[in-house]
Amino acid sequence: MTAILSHGISRRAFLTASAALGGGLLLGFPLSGQAASQGVASDLNAFIRVGADNTVTLVLPYVEMGQGAYTSQVQLLAEELELDPARVLYEAAPPDEGRYASPLFGGQITGGSGSLRGAWRTLRAAGAAAREMLVTAAAQRWSVSSESCRVENGQIIHASGRTLTYGEVAAEAALLPVPDAPVVKQRSNYRVVGQSLRRLDTPAKIDGTAKFGIDARPPGVQYAVVASCPVLGGKMKSVDTSAALMMPGVKQVVRLERAVAVVATNTWAAWKGLEVLNMEWDAGANASLTTQQMVDAADAALGRSGIVSTVVGDVDQTEMTATDRYEAVVRLPLLAHAAMEPLNCTVDLRPDRCEVWVGSQVVGRAQKAAADAAGLPLERVAIHNLFLGGGFGRRLETDYVTQAVQVARHVSGPVKVTWSREEDIRQEVFRYHNHSRVTVALGDGGAPASWRHKVVGPNIMSRFLPVYQKDGVDLDVVNAASGPYDIPNILIEYSRNEAPEGLHTGNWRGVGPTRNVFIVESVVDDLAHRAGRDPVEYRRAMMNSADTARPRAALELAVQHAGWDETLPARHGRGAAVFSGFDSHVGMVAEVAVDINGRVSVQKVICAIDAGYVVNPDIVRAQIEGGIIFGLSAVLYGQVTIAGGQVEQSNFDTYPVLRMREAPRIEVHIIDSDEEPGGVGEPGTAGAIAAVANAVFAATGFRALTLPLNPSDLRGV
Amino acid sequence: MLYNLQVNGAVHQADVDGGTPVLWVLRDILGLTGTKFGCGIAMCGACTVHVDGEARRSCVTPIDFVGGAEIRTIETLGEGKVGSALQQAWRELDVVQCGYCQPGQLMSAAALLAANVQPTDADIDAVMSGNICRCGTYGRIRAGIKRAAQILASAGEVAK
Ligand code: FES
Ligand code: FES
């Protein structure tokens with residue numbers, strides 16, 4: 001690598017070329033010879049490379065995990081470059097926390113419903129800057145003014161009719177100063193942005209050619225499977241490998257501090273070897289840990305005073321003078337992500353370099369994790385980030401990368417470490433127990449005169465993204481904790497409650513808003529009921545200011561499409577939810593039927609979203625649809641329990657998720673808006689949980705303040 | 001033991017233990033990685049392939065059990081008219097998200113349509129509920145199957 005670098009080829013060019021050789025990064029078009037066919041390629045900036053043969057390659061900072069990020073990023077860049085999106089090549093950005101940092105998070109992170117919001121800020125400017133540089137280069141070549149030139153379909157055209165392709169001037173353009181304030185296109189001139197361009201990743205995903213992390217097969221790869229100590233946080237004590245090593249195909253057993261790996265000629269052979277390993281574990285401090293203990297600990301945290309994160313008006317005073325007061329305690333369970341693609345990572349570790357094939361939401365962190373585990377400097381680690389078979393926050397972690405490199409240290413040649421589904425669920429980085437107490441002083445008509453919300457949860461941001469904390473408060477966990485409402489007196493207080501050491505906690509689709517929308521909207525629904533008022537009318541009355549206009553409009557639209565006032569049969573009900581989060585504004589109405597045994601069937605979900613300016617409407621709809629289904633799995637079934645320090649669930653039989661026969665009809669209505677784009681990956685999940693719980697209340701009269709819904713609470717008589 | 005397998009119209013050899021599921025032979029030995037691993041216990045459908053035209057969960061189908069039967073995988077789905085109609089429908093409706101479950105979804109859907117040219121919602125639910133999609137593409141899968149049925153029906157009309 002050093003030799004190559006000294007010949008003046010950029011590190012990225014090296015990584016790209018090496019990826020082409022490994023068949024890794026380049027997606028959606030033939031891999032072979034792509035780098036070579038470009039001839040001399042010029043980097044116009046971090047995101048755009050133009051070959052002398054006029055091929056344009058876009059380097060996409062946000063990973064594709066199903067959210068359509070590749071498609072919308074290409075739309076933004078192709079628009080500013082006046083290119084046909086079908087004509088450009090694109091590839092995943094290599095690890096680089098500086099060049100490819102999200103402006104939202106300050107790091108190379110795909111998550112938090114932030115891809116489009118981040119891309120909107122950086123990629124339009126990058127595209128416009130490159131376009132201006134290409135025009136300037138052509139104008140200089142012709143000795144004419146830039147103003148007398150325009151661009152169309154990958155060409156610069158002078159008023160005289162002369163033309164140059166981007167490829168012909170790319171080398172000169174790359175030497176020009178980067179414009180300080182490139183002029184992005186007016187929305188009224190958009191051709192590609194704003195259209196439901198078909199997803200660019202579809203063709204490869206329907207014919208088996210799409211490569212996910214788990215599909216990496218570098219030549220000579222061996223296959224490893226792992227078992228970590230079943231008691232969370234425990235360590236390996238001893239392992240008898242003799243029986244395993246006699247199994248057909250088993251090559252070696254690797255002992256790590258907290259896990260053991262079996263390496264074989266195929267994944268199945270490795271599992272058969274694992275089955276006959278005789279393992280002894282040192283269970284450690286969590287040997288008798290139970291779910292009840294963690295629930296009790298979270299309740300205890302509710303009783304402690306915390307850190308005040310928001311104060312509006314005077315809640316103490318209002319509570320003192322109010323004649324009526326409402327209080328609710330809400331409890332959310334431990335959750336697994338259970339992305340469809342079980343965790344995996346493939347590593348080829350040599351003495352002087354390391355190559356990693358993985359699907360990660362945090363490519364730079366994956367590189368860092370691999371470098372640390374390999375004992376190599378960062379620039380000796382190449383990451384091939386392949387398609388992610390779902391992220392949902394689990395692939396924001398790098399534990400599985402570290403572990404795979406640790407295994408690779410003992411293996412000669414490349415090794416792919418695949419987790420079983422059981423391992424994937426038991427060794428989760430969980431969404432932790434979240435509890436809340438909401439205290440409301442009631443004013444006129446039963447409306448909240450004050451809102452006090454004590455939030456209990458772990459401070460994930462202290463570890464994950466320290467800039468997202470302030471004065472000891474995890475700003476995510478308190479996000480949206482008082483809803484989108486005009487309430488005169490608000491006090492939000494955060495009482496930190498960490499999981500026992502060894503039980504890892506992290507981000508889960510919808511993050512803070514997913515917890516808080518359910519809590520806030522359950523309480524508001526309950527307040528409406530107590531006041532004898534219609535739940536939508538009650539909410540509407542709290543949304544009269546300019547600040548609440550957008551969520552209110554979303555609620556109105558959802559209600560209108562849901563037929564809110566139409567009568568339903570017995571044990572059917574409709575529930576509403578409204579919130580602002582991820583810079584989007586959402587109204588949702590769910591309709592459920594609850595049978596006599598307490599089984600909930602969600603009939604339909606109507607969502608209206610104001611996500612600001614929409615770059616690809618169909619992708620927005622798809623994200624909301626998918627987010628809703630994800631939320632339904634959580635509200636109906638989602639729960640991980642612990643006994644004896646071990647996860648009691650293991651696979652889709654014990655950790656059920658929504659299936660086709662349970663999937664409701666979903667309608668997504670997008671509100672036209674010229675505001676800045678909002679996030680759409682997570683709002684569906686946050687809204688669905690709340691709307692369904694409220695619909696269940698309407699159907700049965702049971703107010704579920706503990707999730708998931710429990711059929712025994714909902715039985716008919 | 002050495003097995004001769006019929007996969008996608010060609011004969012392949014695999015030297016594996018007879019209990020090895022077809023899934024791992026396809027993925028690790030033959031390099032046909034389009035067929036996915038999701039659960040290993042026939043609960044998710046990601047590994048669905050066709051064995052003599054029938055949809056099977058390859059994660060629980062031992063190689064020994066297959067014998068000389070014809071195995072078809074996602075890699076050649078498009079060669080049949082049902083498969084190519086499904087792929088067209090999937091493109092038109094942009095069904096996929098992460099895409100990881102989709103090979104299995106398509107193989108299950110292809111077996112359904114081959115047996116039932118005009119499936120109802122209930123038919124679709126009955127067959128497709130064995131295939132999990134964590135990205136939540138169920139509504140579009142349902143619509144995609146109906147659209148493919150329509151494409152096939154109009155192709156049939158033209159053929160007449
Ligand atoms: S992997 Fe075979 S059904 Fe899940
Ligand atoms: S598309 Fe991601 S699991 Fe189905």
Side-chain angles (χ1 to χ4, degrees), chain A residues 64-68 196 198-199 201-212 214-215 217 223 248-249 265-269 272 338-342 387-392 418 420-421 618-619 622-623 625-630 633 651-653 657-663 665-666 684, chain B residues 15-17 19-21 23-25 27-29 31-41 43-44 46 73-78 83 86-87 90-103 106 122 124-142:
Chain A
E64 181 56 69
M65 52 184 183
Q67 84 283 37
S196 289
R198 297 267 74 90
R199 290 180 67 117
D201 52 346
T202 292
K205 287 177 174 178
I206 60 177
D207 67 5
T209 56
K211 296 288 179 239
F212 295 81
I214 204 168
D215 300 328
R217 296 176 83 244
Y223 300 86
T265 51
N266 67 70
T267 311
W268 178 255
K272 297 312 276 183
M340 236 19 247
E341 179 192 9
F387 281 126
L388 284 68
F392 314 130
T418 303
S420 64
R421 173 60 62 191
D618 197 48
I619 287 179
Q623 280 303 289
E625 291 161 9
I628 287 170
I629 298 285
F630 203 83
S633 289
N651 206 321
F652 293 120
D653 48 353
V657 297
L658 208 80
R659 291 176 181 274
M660 165 103 57
R661 71 171 100 79
E662 304 160 292
R665 187 157 73 72
I666 297 175
Chain B
D15 187 7
V16 289
D17 189 75
T20 309
L23 172 65
W24 300 109
V25 175
R27 290 184 54 81
D28 293 355
I29 316 280
L32 291 170
T33 54
T35 304
K36 299 301 190 233
F37 162 59
C39 71
I41 58 166
M43 288 294 293
C44 78
T73 70
I74 185 70
E75 280 88 353
T76 53
L77 177 72
L86 280 164
Q87 288 174 333
W90 253 238
R91 278 193 301 269
E92 284 177 11
L93 301 176
D94 259 355
V95 173
V96 312
Q97 290 190 27
C98 85
Y100 192 80
C101 73
Q102 299 294 338
L106 285 159
I124 293 173
D125 284 1
V127 169
M128 299 303 295
S129 287
N131 287 77
I132 291 173
C133 176
R134 277 297 268 164
C135 296
T137 65
Y138 297 129
R140 290 181 190 228
I141 291 172
R142 211 183 264 148

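Protein chains get the first letters and strands the later ones, always in sequence-line order, with residue 1 at the start of each.
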Asker: Using a cut-off of under 4.5 Å for heavy-atom pairs, which of Asp15(B), Asp94(B), Ile124(B) has the most such pairs with chain A?
Answerer: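 Greatest number of close heavy-atom pairs with chain A: Asp94(B).
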Asker: Using non-hydrogen atoms only, which part of Ser196(A) is less than 4.5 Å away from chain B: side chain, backbone, both, or neither?
Answerer: neither
Asker: In terms of side-chain geometry, is the basic nitrogen of Arg140(B) or Asp618(A) positioned less than 4.0 Å from the acidic oxygen of its partner?
Answerer: yes
Asker: Taking only residues two or more places apart in sequence, or in another chain, which ones meet Arg27(B) in a side-chain hydrogen bond (donor to acceptor under 3.5 Å, both in side chains)?
Answerer: Asp215(A)
Asker: Between Thr418(A) and chain B, with a heavy-atom cut-off of 4.5 Å, which part of the residue counts as in contact: side chain, backbone, both or neither?
Answerer: side chain
Asker: Check whether Phe652(A) gets within reach of chain B through its side chain, its backbone, both or neither, counting any heavy atom under 4.5 Å.
Answerer: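 Looking at Phe652(A), backbone and side chain both touch chain B.
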Asker: So for Leu388(A), is it side chain, backbone, both, or neither that comes closer than 4.5 Å to the heavy atoms of chain B?
Answerer: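 Backbone only.
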Asker: Do Lys36(B) side-chain atoms and Glu341(A) backbone N/O form a donor-acceptor pair below 3.5 Å?
Answerer: no
Asker: Can you say whether Ala338(A) sits under 4.5 Å from chain B via the side chain, the backbone, both, or neither, judging by heavy atoms?
Answerer: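 Looking at Ala338(A), backbone and side chain both touch chain B.
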Asker: Let's test your reading of the structure: which of Arg421(A), Arg198(A), Glu625(A) forms the most heavy-atom pairs below 4.5 Å with chain B?
Answerer: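 Highest number of heavy-atom pairs under 4.5 Å: Arg198(A).
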Asker: For the interface with chain B, which of Ala663(A), Ala622(A), Gly390(A), Pro248(A) has the highest count of heavy-atom pairs at distances below 4.5 Å?
Answerer: Ala622(A)
Asker: Can you tell which part of Thr137(B) gets under 4.5 Å to a heavy atom of chain A, answering side chain, backbone, both or neither?
Answerer: neither
Asker: On a heavy-atom basis, which atom in Pro342(A) and which in Gly38(B) lie closest, and how many Å separate them?
Answerer: CG-O, 3.9 Å
Asker: So which heavy atom on Thr202(A) is nearest to which on Trp90(B), and how close?
Answerer: CG2-O, 4.1 Å
Asker: Looking at Met340(A), is its backbone amide N or carbonyl O close enough to the side chain of Arg134(B) to form a donor-acceptor pair, meaning the two atoms are under 3.5 Å apart?
Answerer: no
Asker: Are Thr33(B) and Lys211(A) side-chain neighbours, meaning at least one heavy-atom pair lies under 4.5 Å?
Answerer: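 Yes, close enough: below the 4.5 Å cut-off.
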Asker: As an exercise, state the distance from CE of Met128(B) to CZ of Arg659(A), rounded to the nearest 0.5 Å.
Answerer: 11.5 Å
Asker: What part of Val25(B) is in contact with chain A, defined as an atom under 4.5 angstrom from a non-hydrogen atom: side chain, backbone, both or neither?
Answerer: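 Val25(B) has no heavy atom closer than 4.5 Å to chain A.
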Asker: Within the distance-only criterion (no hydrogens, no angle test), does the side chain of Ser129(B) pair as donor or acceptor with the backbone N or O of Arg661(A) below 3.5 angstrom?
Answerer: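 Flag set: sc Ser129(B) to bb Arg661(A) pair under 3.5 Å.
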Asker: Checking heavy atoms, do the side chain of Arg217(A), its backbone, both or neither come under 4.5 Å from chain B?
Answerer: side chain
Asker: Heavy-atom distances under 4.5 Å only: say whether Ala210(A) touches chain B with side chain, backbone, both or neither.
Answerer: backbone
Asker: Step by step, work out the side chain to side chain contact (heavy atoms under 4.5 Å, CB included) result for Ile74(B) and Asp207(A).
Answerer: CA-CA 6 Å; Ile74(B) 185 70; Asp207(A) 67 5; 5.5 Å; no
Asker: Minimum heavy-atom separation for Trp268(A) to Pro21(B), with atom names?
Answerer: CD2-CD, 3.1 Å
Asker: What part of Ile132(B) lies closer than 4.5 angstrom to a heavy atom of chain A: side chain, backbone, both or neither?
Answerer: both
Asker: Could you have a look at Cys133(B), Gly130(B), Gly99(B), Gly34(B) and say which one has the most heavy-atom pairs with chain A under 4.5 angstrom?
Answerer: Gly99(B)
Asker: Applying ring-ring contact (aromatic ring centres under 6.0 Å, His included), can you list everything that pairs with Phe212(A), at least two apart in sequence or on another chain?
Answerer: Phe387(A), Tyr100(B)
Asker: Under the criterion side-chain hydrogen bond (donor to acceptor under 3.5 Å, both in side chains), which of Gln623(A), Glu64(A), Arg199(A) is the partner of Gln97(B)?
Answerer: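 Of all the options given, the one that passes is Gln623(A).
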Asker: For Met660(A) and Arg142(B), run side chain to side chain contact (heavy atoms under 4.5 Å, CB included): C-alpha distance rounded to whole Å, both residues' side-chain angles, the deciding distance at 0.1 Å, then the answer.
Answerer: CA-CA 8 Å; Met660(A) 165 103 57; Arg142(B) 211 183 264 148; 3.8 Å; yes
Asker: Distance from Asp201(A) atom CG to Cys98(B) atom SG, nearest 0.5 Å?
Answerer: 9.5 Å
Asker: When you measure from the side chain of Asn651(A) to the backbone N and O of Cys39(B), does any donor-acceptor pair fall under 3.5 Å?
Answerer: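 Yes; judged by distance alone, with no hydrogens or angles, the pair exists.
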Asker: Within the side chain of Asn266(A), is there an N or O that forms a donor-acceptor pair under 3.5 Å with the backbone of Asp28(B)?
Answerer: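 Here the side-chain-to-backbone pair does not exist.
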Asker: Between Phe392(A) and Cys135(B), is there a side-chain heavy-atom distance shorter than 4.5 Å?
Answerer: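 Heavy-atom side-chain distance check passes, below 4.5 Å.
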Asker: Could you state the interatomic distance from OG1 (Thr267(A)) to CG (Leu23(B)), rounded to the nearest 0.5 Å?
Answerer: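 Thr267(A) atom OG1 to Leu23(B) atom CG measures 8.0 Å (nearest 0.5 Å).
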